[in-house]
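Throughout, protein chains are lettered first and strands after them, A, B, ... in sequence-line order, and every chain is numbered starting at 1. Basis for what follows: all heavy atoms, side chains included, without hydrogens, waters or symmetry-related copies. Model, not experiment: these values are computed from the prediction.
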Protein chains: 2
Amino acid sequence: MLGILTLRGPSMPVQKASVRDQIRRTLTERILAGHYQPGDRLIELQIARELGTSQGSVREALRELEASRLVESEPHRGTRVRVVSLCEMREAYQMRGLLEQAAAITAAKAFKGSVGSLRDEVQAVLRAAEVGDFGEQAAHVYAFHRAVVGASGNGVLLRLWESLAFETRVRVRLGWGPIDPKQVAASYEAILTALEEGNGRVAGRLLREHSGKFAPVSDQLDAD
Amino acid sequence: MLGILTLRGPSMPVQKASVRDQIRRTLTERILAGHYQPGDRLIELQIARELGTSQGSVREALRELEASRLVESEPHRGTRVRVVSLCEMREAYQMRGLLEQAAAITAAKAFKGSVGSLRDEVQAVLRAAEVGDFGEQAAHVYAFHRAVVGASGNGVLLRLWESLAFETRVRVRLGWGPIDPKQVAASYEAILTALEEGNGRVAGRLLREHSGKFAPVSDQLDAD
DNA sequence: ATCACATTATCGATAATCAATAATTTTTCG
DNA sequence: CGAAAAATTATTGATTATCGATAATGTGAT
């Protein structure tokens, strides 16, 4: 039993690995990695037997995934990987832009003069793009934006932003074509400069525009 | 058993009343109504026995409440009603303002010339305020803002906004003092006028300012 | 072909049970 | 007495087995 619980690095302190969390993590990985495709059914007992757990634990994990909108379920019809529509993705990108713009306003204070860690992420993005490692690329893009939003110091803002993670991450897997590294570099460079100067207003605007570049529709909500 | 399932209005169509949902609804009501105070423990078997359900169903309901951030839990230490800090509430109000501003930009198109339903809600708010019925007042305030956000036509935006419901609703129960009806009326009247004219830009700005009036801290994120 | 009916897979839910852990109480001993 | 140690209790985390309800599928009769 407990085929999942095998992993636990040697240097890991006392990580509580509840069965429920392990299941959730495993399923999340599989969904984000594309092992389970959108629309695929997730059958409780099947998963339970595969992972060596009980049906109840799987149910709980599925409820959590449903809450974070990775899956959806109908009564007596089971749970399946959620299908994110193009429309919803556009909306999510709009919102991400809006939130990041707001985040930048205050985050700029934190980054003024020290954008080293951010620059590292951008470098990593470009390196990954050259090699063609989309997973790595997406991870560093995520890390960059998350760092900015996190630096805003607004926990609620961060939570809202993170709740968009699924919608804005599927994009990569849909393969809307490779990104021009030059364009990306230029865009990020401008943002970095603004942050370094502590100019949150400009950084925010640039981040919002950046978000717009990756969503194929005009941004209707721009208040400026 | 199933002491909860009694209710089901005569005109109700075919409402699926899963046990889990019933538990969730019951607990949500009790939390919002203040029957359970912030910090109170929610003991699984206790609730299960009281409602005549199994422990498992209560667990699932609690996981859902945790996802919507009404409660929080630590391993082996149980689940309790979440305590929303003043800081978090301020952040939530900031975010609510940001989202509503964005919503107004597009919602204005939908309301141009026909703000009747919105005006009704404002009237209801003032009426409730006169009578001193805070519950009713809060409900209509909620309905007004929700209508605006809903009219934006952006589902993701609506979802984000609704996820702030808890944080921005506790406020009423904390009783930050009664609100001056005149001030409220004037504020809403200006918003209505802007929406009626289809001027989303102005309506958005007013909504954001409105939100600021109810949060006791200067709004740092205003990009305009 | 299509409708009615049976079959099957799966979900929704329950009960009974057990180990692990946290909180509480009691005991022991300096 | 008062603090450390030990025992007790309450509750969670998780399992197994089981049942009825429901949706999907298959099958046969007309």
Chemist: Does D/dT22 have OP1 or OP2 sitting under 4.0 Å from an N or O in the side chain of A/Arg77?
Modeler: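 Answer no for this pair, as no side-chain N or O of A/Arg77 is under 4.0 Å from OP1 or OP2.
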Chemist: In whole angstroms, how far is the C1' atom of D/dA23 from the CD1 atom of A/Ile43?
Modeler: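 Distance check: A/Ile43 CD1 to D/dA23 C1' gives 13 Å.
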Chemist: How many whole angstroms separate atom CZ of A/Arg80 from atom P of C/dC11?
Modeler: 10 Å
Chemist: In terms of the angle between their ring planes, are A/His210 and A/Tyr188 parallel, tilted or perpendicular, with boundaries placed at 30° and 60°?
Modeler: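 A/His210 and A/Tyr188: tilted rings.
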Chemist: So what does A/Leu62 hit on the nucleic acid, given a heavy-atom distance under 4.0 Å: a base, only sugar-phosphate, or nothing?
Modeler: nothing
Chemist: Starting at atom CD1 of B/Ile47, determine the distance to atom C1' of D/dT12, rounded to an integer number of angstrom.
Modeler: 13 Å
Chemist: Find the distance A/Gln55:CD to C/dA15:P and express it as a whole number of Å.
Modeler: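 That distance rounds to 16 Å.
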Chemist: Please work out if A/Gly78 contacts a base, only the sugar-phosphate, or nothing of the nucleic acid, heavy-atom cut-off 4.0 Å.
Modeler: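 Sugar-phosphate contact only.
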Chemist: For the pair made of CZ in B/Arg41 and P in D/dA10, what is the distance, rounded to whole Å?
Modeler: 12 Å
Chemist: Within the structure shown, what part of the strands sits under 4.0 Å from B/Arg59 by heavy-atom distance: base, sugar-phosphate, or nothing?
Modeler: base
Chemist: Where the side chain of B/Val19 is defined as all heavy atoms beyond and including C-beta, which of D/dG13, C/dA13, C/dG12 is the nearest nucleotide?
Modeler: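 Nucleotide nearest to B/Val19's side chain: C/dA13.
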Chemist: Decide, yes or no, whether a salt bridge links A/Arg146 with A/Glu162 under the criterion of side-chain N to carboxylate O below 4.0 Å.
Modeler: yes
Chemist: Choose from C/dC11, D/dT12, D/dT15 the nucleotide whose nearest atom is closest to any side-chain atom of A/Ser57.
Modeler: D/dT15
Chemist: Can you measure A/Arg49 atom CZ to C/dC11 atom P for me and round it to whole angstrom units?
Modeler: 11 Å
Chemist: Nearest whole Å is fine: how far is D/dA14 P from A/Gln22 CD?
Modeler: 10 Å
Chemist: To check you understand the geometry: which heavy-atom pair defines the closest contact between B/Phe111 and B/Ala147, and what is its length?
Modeler: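 Closest approach of B/Phe111 to B/Ala147, heavy atoms only: CZ-O, 3.8 Å.
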Chemist: Nearest whole angstrom, please: distance from the P of C/dT10 to the CD of A/Gln46.
Modeler: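 The distance from CD of A/Gln46 to P of C/dT10 comes to 7 Å, rounded to the nearest Å.
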Chemist: When you check the gap from the basic side-chain N to the acidic O, do A/Glu72 and A/Arg82 get nearer than 4.0 Å?
Modeler: no
Chemist: Can you tell me which nucleotide in D/dT12, C/dC11, D/dA14 comes closest to the side chain of B/Glu44?
Modeler: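 The answer is D/dT12.
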Chemist: On DNA chain D, compare the nucleotides closest to B/Leu45 and A/Ser54; which residue's is nearer the 5' end?
Modeler: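 The residue whose closest nucleotide sits nearer the 5' end is B/Leu45.
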Chemist: Regarding B/Arg30 and B/Glu50, does a basic nitrogen lie under 4.0 Å from an acidic carboxylate oxygen?
Modeler: yes
